[in-house]
Trainee: 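Just dropping this structure here.
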Amino acid sequence: MPKPPDTSTQRPQHFDILVAPGYVLLELASLVDVLRLANRVCPTPPFTYSYRSLKGGPISSSSDAVVQTEAVPAQPNADYLFVIGNSDPDHPALSLGRVVSDYTFRGAKVFLLAEAASRYINEHGTDDMATHWENASFLRERGARFEAKLSIATEQGAVVTCAGMEATTDIALAVIGRHISGPAKMTVADIMLHENIRDFSSMQPFSGAKLTSTGDAKLDQCIKLMQANIEDPLPINQIVESLHLSNRSLERKFKTFFGTTPNGFYREMRLSKANNLLLNTTMSVREIGLACGFPNGFSSIYKSFFGVTPFVIRREKRAASQR
């Protein structure tokens with residue numbers, strides 16, 4: 001996996017989020033909060049998003065939450081389209097073959113969640129597409145000539161079909177991980193109290209599949225050791241000894257999954273926690289540095305990563321809260 005791009009020099013990735021009457025609020029919130037938190041923890045906000053519907057205007061969810069939307073543009077220019085699942089799999093607004101084509105033609109990646117996925121599978125799909133297991137049963141009852149996959153997502157070119165519901169968080173984390181660093185993605189997951197990040201091939205929970213954060217048990221153990229030792233960072237040599245790995249093996253795992261070194265990952269994890277404390281507590285800058293394993297030079301290390309000193313960030317936050 002290549003190293004994620006430096007978001008400070010890249011334009012934000014834009015998401016169009018398409019809803020229809022009766023949309024599932026959990027799926028909408030899971031996606032939007034991942035994007036919102038990523039914008040908070042990264043040096044420069046890497047994501048923007050717009051709420052869309054076929055005709056625009058206020059759209060109510062199945063739980064009566066209302067979101068204001070803009071109509072789907074005739075010539076979309078988003079990087080991603082996410083179509084949120086619906087309480088009614090037969091809702092006519094989920095028949096989106098033309099919309100999907102318009103987005104993919106212009107280079108967007110399209111993610112169809114739950115009922116939006118099952119509708120697309122029923123109209124255009126093959127055995128290689130995924131949807132929520134309830135919708136897969138629904139397709140069988142309707143006499144479908146193929147079986148939907150029961151992984152949380154499958155990717156076919158520019159179209160990704162997904163299980164939806166709480167797996168939306170995993171999908172959203174996977175997508176942001178294509179544009180931000182591994183430690184930043186893990187920080188978003190930690191803030192959401194989302195312990196195990198599943199990859200697309202993970203089976204939906206009813207299958208009883210054993211889940212890991214990365215798909216690699218040793219890598220998961222390493223990250224947990226790092227998370228448990230933020231204030232007093234462990235030497236990497238001590239970590240590899242406790243995991244019964246070689247330095248080279250651990251470096252290979254981090255390079256493959258995160259595009260960085262173990263030390264680089266550990267350092268950024270500590271900086272991400274420091275940033276969170278800086279924005280959301282009244283701890284002094286020195287106290288934050290000590291709490292995150294930077295007894296010396298914290299301000300310069302913070303500035304080298306975030307581009308400004310911690311004092312400037314805190315001053316800007318206070319100024320914004322007084323407006």
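Just so it is clear, the model here is predicted, and its values are computed rather than measured. Note: hydrogens, waters and symmetry copies are ignored here, and every other heavy atom, side chains too, is used.
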Trainee: Does any N or O in the side chain of Thr169 come within less than 3.5 Å of the main-chain N or O of Ser30, such that one atom is a donor and the other an acceptor?
Mentor: no
Trainee: Would you give the length of the straight line joining atom CG of Leu81 to atom NZ of Lys109, rounded to the nearest 0.5 angstrom?
Mentor: 13.0 Å
Trainee: Could you measure the distance from the CZ atom of Phe294 to the CD1 atom of Ile230? Nearest 0.5 Å is fine.
Mentor: 8.5 Å
Trainee: Short question: side chain of Glu115, backbone of Asn86 - any donor-acceptor pair under 3.5 Å?
Mentor: yes
Trainee: Should Leu94 and Leu31 be counted in the same cluster of Ile, Leu, Val, Met, Phe, Trp and Tyr side chains packed under 4.5 Å apart?
Mentor: no
Trainee: Would you kindly say whether Ser53 and Thr69 are connected by a side-chain donor-acceptor distance under 3.5 Å?
Mentor: yes
Trainee: For the pair Phe265 and Phe258, name the ring-plane relationship: parallel under 30°, tilted 30 to 60°, perpendicular over 60°.
Mentor: tilted
Trainee: Give the C-alpha distance, both sets of side-chain angles, the deciding distance and a yes or no for side chain to side chain contact (heavy atoms under 4.5 Å, CB included) between Leu277 and Glu287.
Mentor: CA-CA 10 Å; Leu277 293 174; Glu287 287 172 334; over 6 Å; no
Trainee: Whether the Ser151 and Ser201 side chains hold a donor-acceptor pair (N or O, under 3.5 Å, no angle test) is what I'd like checked.
Mentor: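 The answer is no; no qualifying pair exists.
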Trainee: Is any side-chain heavy atom of Glu166 closer than 4.5 Å to one of His194?
Mentor: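 Answer no - side chains too far apart.
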Trainee: What are the two closest heavy atoms between Gly85 and Glu27, and how far apart are they?
Mentor: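 For Gly85 and Glu27, the tightest heavy-atom pair comes out as N-OE1, 2.7 Å.
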Trainee: Is it the case that over 12 heavy atoms from other parts of the model lie below 6.0 angstrom from the NZ atom of Lys218?
Mentor: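 More than 12 within 6.0 Å, yes.
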Trainee: Under 4.5 Å side-chain heavy-atom separation, chaining through any Ile, Leu, Val, Met, Phe, Trp or Tyr, what else clusters with Val24? Say none if it is isolated.
Mentor: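 In the cluster with Val24 are Leu26, Met165.
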Trainee: Using modelled atom types only, decide if a donor and an acceptor are shared between the side chain of Tyr266 and the backbone of Leu234 within a distance under 3.5 Å.
Mentor: yes
Trainee: Is it true that Leu278 and Met283 fall in one hydrophobic cluster, defined by side-chain heavy atoms closer than 4.5 Å?
Mentor: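 Yes, it is one cluster - the side chains of Leu278 and Met283 are joined through contacts under 4.5 Å.
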Trainee: Do His132 and Ser118 have a side chain donor and acceptor closer than 3.5 Å?
Mentor: no
Trainee: Establish whether Val83 and Phe105 are linked, either directly or via other cluster members, by ILVMFWY side-chain heavy-atom contacts under 4.5 Å.
Mentor: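 No, Val83 does not connect to Phe105 through the hydrophobic network.
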Trainee: Taking a hydrophobic cluster as the set of Ile, Leu, Val, Met, Phe, Trp and Tyr residues connected by side-chain heavy atoms closer than 4.5 Å, whether directly or through intermediates, do Leu290 and Val285 fall within one such cluster?
Mentor: no
Trainee: Dump the intermediate steps for side chain to side chain contact (heavy atoms under 4.5 Å, CB included) on Lys149 and Thr161, then the final yes or no.
Mentor: CA-CA 10 Å; Lys149 281 191 173 294; Thr161 46; over 6 Å; no
Trainee: Test side chain to side chain contact (heavy atoms under 4.5 Å, CB included) on Ile176 and Phe47 and set out the steps.
Mentor: CA-CA 9 Å; Ile176 68 169; Phe47 306 114; 3.6 Å; yes
Trainee: Kindly indicate, with the supporting measurements, whether the criterion side chain to side chain contact (heavy atoms under 4.5 Å, CB included) is fulfilled by Met226 and Ile236.
Mentor: CA-CA 9 Å; Met226 290 176 173; Ile236 297 299; 4.1 Å; yes
Trainee: For the CZ atom on Arg106, are there more than 12 heavy atoms of other groups (residues, nucleotides or ligands in this structure) within a distance under 6.0 Å?
Mentor: yes
Trainee: Determine, stepwise, if the pair Arg119 / Glu123 fulfils salt bridge (Lys or Arg N to Asp or Glu O under 4.0 Å).
Mentor: CA-CA 6 Å; Arg119 186 65 168 270; Glu123 295 177 354; 2.9 Å; yes
Trainee: Rounded to the nearest 0.5 Å, how far does CZ of Arg314 lie from OG1 of Thr309?
Mentor: 11.0 Å
Trainee: Asp199 and Ser202: side-chain donor and acceptor closer than 3.5 Å?
Mentor: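 Yes, Ser202 and Asp199 have a side-chain donor paired with an acceptor closer than 3.5 Å.
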Trainee: Please check if the side chain of Ser95 supplies one atom and the backbone of Pro92 the other of a donor-acceptor pair under 3.5 Å.
Mentor: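 The answer is no, because no donor-acceptor pair under 3.5 Å joins these two groups.
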Trainee: Assess whether atom CG of Asn247 is packed by more than 12 heavy atoms of other residues, nucleotides or ligands within 6.0 Å.
Mentor: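 More than 12 within 6.0 Å, yes.
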Trainee: For the pair Tyr80 and Phe15, name the ring-plane relationship: parallel under 30°, tilted 30 to 60°, perpendicular over 60°.
Mentor: parallel
Trainee: Relative to Phe311, does Arg315 satisfy both conditions: NZ or CZ under 6.0 angstrom from the six-membered ring centre, and within 45 degrees of the ring's axis?
Mentor: no
Trainee: Quick one: does any side-chain atom of Arg52 pair with a main-chain N or O of Val72 as donor and acceptor, under 3.5 Å?
Mentor: no
